[in-house]
Number of protein chains: 2
Amino acid sequence: MVAFNTTSKTYHVKGVIPIIAIDLRNPKPIYEQIKDSIKELIITGALKQDEQLPSIREMAQDTSINPNTIQKAYKDLEAEGFIYTVTGRGNFVAPPPQQVDSKRIEKLYSILRETVGELTYLGDSENNIINVVKSAISHSVPQGGSKQ
Amino acid sequence: MVAFNTTSKTYHVKGVIPIIAIDLRNPKPIYEQIKDSIKELIITGALKQDEQLPSIREMAQDTSINPNTIQKAYKDLEAEGFIYTVTGRGNFVAPPPQQVDSKRIEKLYSILRETVGELTYLGDSENNIINVVKSAISHSVPQGGSKQ
DNA sequence: ATAAGTGTACTATATATGTTAGTACACTTA
DNA sequence: TAAGTGTACTAACATATATAGTACACTTAT
């Protein structure tokens, strides 16, 4: 279920989906790496609504990451609406957002502009950029719909 | 030349261009905010090649930010190729990159995919996203060319 | 009721990062 | 020589990150 060396670990859900890729050399905090991994699995539809996530203790055991660190990741994800938590039962994938979160969207637009601006400055072409964007859109799951 | 309250400052270059918007409430480190501001001015063409940036001491004075923090921002920007430094003279806007930095581009693609993925998940439309992207491209300065 | 498995809430400790403060030195320009 | 550059340190402090350990509340199944 788990494979790792000194610096990186890959953790699987249901024995199949690689849910987490942790790189201890990566300056990004571990709890952020966990958040990013789970967000991506939800966004791409690899984890479906109401599906149960590994428990804090289980994931901590299997990855040798401290339970407090896992808990922080889950707490953040719940605050951001990606998962919901039921005490005594566990953590589950939240339904896709029904309300438009304009604040978050503006924040993401800001990141988008920065990223695209630098890509253009580095000499990347509009075609290349648009292709990456369209591919990312087609691999995401909007409004709880299915994909591909 | 400077306007600020307790939590945010705006610093100007040549008395006109707002070069830096620092928000002390922002969890993003100050030196990162400085880097982002200067990168954006270079990418959008507001600062031109070989143009001199404010000296470390001057900017530190005017913003009440510690010189060490400014220095860190400049050092990073030089390492990333956005500016060049001449001891005894100052910091200047570097020429646009001639070599393709595939590693950086892949990193930016990764950020792009994450951002676009979440936007799609939040229910934003392909049209909206593409429009933001195209607008960002048109406001950037590729290959040292002029703009608009 | 009990046991096992959940999440939650603490305290404490160690380490890394960010920021400020101060000093000294080398280089450039006038 | 003086003034203005960048550079390189040390020191101190605050905050963030991660681990360790403990205790408690809730849920499910027995």
Side-chain angles (χ1 to χ4, degrees), chain A residues 1 4 6-9 11 13 20 22-38 50-80 82-94, chain B residues 1 4 6-9 11 13 20 22-38 50-80 82-94:
Chain A
M1 273 276 228
F4 64 93
T6 322
T7 53
S8 77
K9 318 170 193 238
Y11 179 58
V13 166
I20 285 180
I22 297 168
D23 182 355
L24 300 182
R25 279 169 306 190
N26 190 333
K28 183 181 286 190
I30 297 174
Y31 77 93
E32 292 275 9
Q33 296 184 44
I34 295 173
K35 285 177 60 184
D36 287 348
S37 298
I38 294 179
D50 298 318
E51 194 162 319
Q52 184 161 17
L53 296 165
S55 79
I56 292 175
R57 285 176 179 84
E58 183 196 351
M59 192 188 289
Q61 274 278 322
D62 294 346
T63 60
S64 304
I65 303 293
N66 190 281
N68 295 330
T69 304
I70 316 280
Q71 187 188 356
K72 170 154 183 147
Y74 276 2
K75 205 174 179 182
D76 278 16
L77 285 169
E78 192 196 18
E80 292 170 17
F82 286 96
I83 69 176
Y84 61 92
T85 302
V86 186
T87 301
R89 292 196 53 225
N91 291 277
F92 305 86
V93 176
Chain B
M1 273 277 227
F4 63 93
T6 321
T7 53
S8 76
K9 318 171 194 240
Y11 180 58
V13 166
I20 285 178
I22 296 169
D23 182 354
L24 299 181
R25 278 169 305 191
N26 191 331
K28 182 181 287 190
I30 297 174
Y31 78 93
E32 292 275 8
Q33 295 184 43
I34 295 173
K35 285 177 60 183
D36 287 348
S37 297
I38 295 179
D50 298 318
E51 192 162 322
Q52 183 160 17
L53 296 165
S55 79
I56 292 175
R57 285 177 179 84
E58 182 196 352
M59 193 187 291
Q61 274 278 323
D62 292 347
T63 60
S64 303
I65 303 293
N66 190 281
N68 296 329
T69 304
I70 315 279
Q71 187 187 357
K72 170 153 182 145
Y74 276 3
K75 204 174 179 182
D76 278 16
L77 286 170
E78 191 195 21
E80 293 170 17
F82 287 96
I83 68 176
Y84 63 92
T85 302
V86 186
T87 301
R89 293 196 51 226
N91 290 277
F92 305 86
V93 176

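Computed from a predicted structure; not experimentally measured. Here is the naming used below: chain letters follow the sequence lines, and residue numbers restart at 1 for every chain.
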Taking only the side-chain heavy atoms of [X] (C-beta and beyond), determine which of [options] contains the nearest atom.
| X | options | value |
| --- | --- | --- |
| Gln71(B) | dT19(D), dT8(C), dT7(D) | dT7(D) |
| Ile56(A) | dT20(C), dT19(C), dG7(C) | dG7(C) |
| Asn68(B) | dT5(D), dG22(C), dT19(D) | dG22(C) |
| Lys75(B) | dA8(D), dT20(C), dG7(C) | dA8(D) |

Whom does [N] pair with, Watson-Crick or G-U wobble, provided both distances fall under 3.5 Å?
| N | value |
| --- | --- |
| dA20(D) | dT11(C) |
| dT2(C) | dA29(D) |
| dA26(C) | dT5(D) |

Take the protein atom [atom1] of [X] and the nucleotide atom [atom2] of [N], then report the distance between them rounded to whole Å.
| X | N | atom1 | atom2 | value |
| --- | --- | --- | --- | --- |
| Met59(B) | dT19(C) | CE | P | 15 Å |
| Leu24(B) | dT15(D) | CG | P | 13 Å |
| Ile30(B) | dA21(C) | CD1 | P | 11 Å |
| Ile65(A) | dT17(D) | CD1 | P | 15 Å |
| Arg57(A) | dG21(D) | CZ | P | 14 Å |
| Asn66(B) | dG18(C) | CG | C1' | 11 Å |
| Asn26(B) | dT15(D) | CG | P | 16 Å |
| Glu78(A) | dA9(C) | CD | C1' | 15 Å |

Counting only side-chain N and O atoms of [X], is one of them less than 4.0 Å from OP1 or OP2 of [N]?
| X | N | value |
| --- | --- | --- |
| Asn91(A) | dG7(C) | yes |
| Lys72(B) | dG18(C) | yes |
| Tyr74(B) | dG6(D) | no |
| Ser55(B) | dT5(D) | yes |
| Thr69(A) | dT17(D) | no |
| Tyr31(B) | dG18(C) | yes |

Whether over 12 other heavy atoms sit under 6.0 Å from Gln61(A) CD: no
With the side chain counted from C-beta on, respond yes when [X] and [Y] share a heavy-atom pair under 4.5 Å apart, and no when they do not.
| X | Y | answer |
| --- | --- | --- |
| Asp23(B) | Gln33(B) | yes |
| Ile38(A) | Phe82(A) | no |
| Tyr74(A) | Ser55(A) | no |

5'-most contact on DNA chain D: Gly88(A) or Pro27(A), nearest heavy atom basis? Pro27(A)
The residue, Glu32(A) or Thr87(A), whose nearest nucleotide of DNA chain D is more 5′ is Glu32(A)
Please evaluate residues Asn68(B) and Ile56(B) with respect to the criterion side-chain contact (heavy atoms from CB on, under 4.5 Å), reporting the C-alpha separation (whole Å), side-chain torsions for both, the decisive distance (0.1 Å), and the verdict. CA-CA 8 Å; Asn68(B) 296 329; Ile56(B) 292 175; over 6 Å; no
Report yes if a donor N or O on one partner sits less than 3.5 Å from an acceptor N or O on the other, where the partners are the side chain of Arg89(A) and the base of dG5(C); otherwise report no. no
Calculate, to the nearest 0.5 Å, the distance between atoms OG1 and CD1 belonging to Thr63(A) and Ile70(A) respectively. 4.5 Å
